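Inspection log for the structure reproduced underneath, given as structure tokens.
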Amino acid sequence: GGVTFYDVAYPGNAVGGLGAGTGSVRYGEEARISSSVLVGKSLKTWNVYLRRVGTSSGSVTAVVRRGSDDLVVATFNETIAASGLPTSFAERTFTLTSPYVIQSGDRILVQYGGSGRVEMSAWTTDQVDGSNTRRVRYTGSSYIGANASDIAGSMSSGTGSGDTTPPVQVTGLAVTPA
């Protein structure tokens, strides 16, 4: 189940870096203004494409930060060890325990703390709705937005797969006339 409301093709035509020496510790997508396709959507699952560069060590996490004061308003469950990422892009899923309704100005971000570098697949061309929704990175002091570019991946209101386990076979039933 779940409705996908952000679906940007992979692979992208660009790479976004997070980590030592890249001038960025956060990288993601911003619902820049109220007409962003993300605003008002119920976010539960975010799929992105990540890879490590060299012998990266540290943790990759994901959060939603409010635009007005940068406060973390939702934290995804997963913590990914950079050392466990492959050197080729692979899909990783971040999941919220409870859905979060995206507000205007919110930034959905992958954050990295550690040595080396982690990279995300991204686009240099608009894939969603122009400058309403845009790729952003944090320089350590402020956010820089690329107005006509997006993160490769998807956001949805559910797991996207649902329960795929069939119920146990029922046995021992008998039909008795009324």
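Because the structure is a prediction, the values reported are computed rather than measured.
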* Listed partners of Pro11 passing side chain to side chain contact (heavy atoms under 4.5 Å, CB included), at least two apart -> none

* Does the pair Val8 and Trp123 meet the rule for a side chain to side chain contact (heavy atoms under 4.5 Å, CB included), with working shown? -> CA-CA 9 Å; Val8 173; Trp123 286 88; 3.4 Å; yes

* Partner set under side chain to side chain contact (heavy atoms under 4.5 Å, CB included) for Ala148, not counting sequence neighbours -> Asp126

* Partners of Ser98 by side chain to side chain contact (heavy atoms under 4.5 Å, CB included), sequence neighbours excluded? -> none

* Structure fact -> d(Asp106 CG, Leu43 CG) to nearest 0.5 Å is 9.5 Å

* Heavy atoms only: give me the nearest Asn13-Thr125 pair and the separation to one decimal. => ND2-OG1, 4.0 Å

* Same apolar cluster (I L V M F W Y, side chains within < 4.5 Å links), Val53/Val25 -> no

* In Å, rounded to the nearest 0.5 Å, how long is the span from CE of Met155 to CZ of Phe94? -> 11.5 Å

* For the student: nearest non-hydrogen atoms of Gly12 and Ala152, plus distance -> N-CB, 4.3 Å

* Asked: Among Arg135, Arg107, Gln111, which one satisfies side-chain hydrogen bond (donor to acceptor under 3.5 Å, both in side chains) with Tyr27?
  -> Arg135

* Compare every heavy atom of Thr124 with every heavy atom of Ala14, then report the nearest pair and how far apart it is. => CB-CG2, 3.5 Å

* Structure fact -> Residue set satisfying ring-ring contact (aromatic ring centres under 6.0 Å, His included) with Phe89, at least two apart, ordered chain then number -> none

* Residue pair Ser83, Ser57: steps toward the side-chain hydrogen bond (donor to acceptor under 3.5 Å, both in side chains) verdict -> CA-CA 5 Å; Ser83 59; Ser57 65; over 6 Å; no

* Got a donor-acceptor contact below 3.5 angstrom from the Arg134 side chain to the Arg32 backbone? -> no

* For the atom pair CG (Leu50) and OH (Tyr112), what is the distance rounded to the nearest 0.5 Å? -> 11.0 Å

* Side-chain heavy atoms of Ile108 within contact of Trp46, under 4.5 Å -> yes

* Let me see the working for Glu91 and Thr93 under side-chain hydrogen bond (donor to acceptor under 3.5 Å, both in side chains), right down to the final yes or no. => CA-CA 7 Å; Glu91 188 177 37; Thr93 301; 5.4 Å; no

* Asked: Does the pair Glu29 and Thr133 meet the rule for a side-chain hydrogen bond (donor to acceptor under 3.5 Å, both in side chains), with working shown?
  -> CA-CA 7 Å; Glu29 199 76 16; Thr133 304; 5.5 Å; no

* To do: Tell me whether Ile151 is reachable from Tyr49 by hopping between hydrophobic residues (I, L, V, M, F, W, Y) whose side-chain heavy atoms are closer than 4.5 Å.
  => no

* **Cluster overlap Val60 with Leu96, hydrophobic side-chain contacts below 4.5 Å** => yes

* Structure fact -> Rounded to the nearest 0.5 angstrom, the OH-OG distance for Tyr10 and Ser154 is 13.5 Å

* Structure fact -> Closest non-hydrogen contact found for Val118 with Ala82 is CG2-CB, 3.8 Å

* Would you confirm whether Lys41, through its side chain, and Gln103, through its main-chain N or O, come within 3.5 Å as a donor-acceptor pair? => no

* Residues forming a side chain to side chain contact (heavy atoms under 4.5 Å, CB included) with Thr87, sequence neighbours excluded -> Arg52

* **Heavy-atom pair with the smallest gap, counting every atom of Ala146 and Ser149** => CB-OG, 2.8 Å

* Who pairs with Arg26 by salt bridge (Lys or Arg N to Asp or Glu O under 4.0 Å), at least two apart in sequence or on another chain? -> Asp70

* To do: Kindly say whether Thr95 contributes a backbone atom to a donor-acceptor pair with the side chain of Asn77 at under 3.5 angstrom?
  => yes

* Straight-line distance of Ile102 CD1 to Tyr6 OH, nearest 0.5 Å -> 10.5 Å

* Structure fact -> Partner of Phe76 under side chain to side chain contact (heavy atoms under 4.5 Å, CB included), picked from Val110, Val64, Thr61, is Val64

* Structure fact -> Result for side chain to side chain contact (heavy atoms under 4.5 Å, CB included) between Arg51 and one of Met120, Arg117, Glu119, Arg92 points to Glu119

* Rounded distance [0.5 Å steps], CG in Leu38 versus CG in Asn132 -> 10.0 Å

* Polar side-chain atom of Ser34 near backbone of Ser104 as donor-acceptor pair, under 3.5 Å -> no

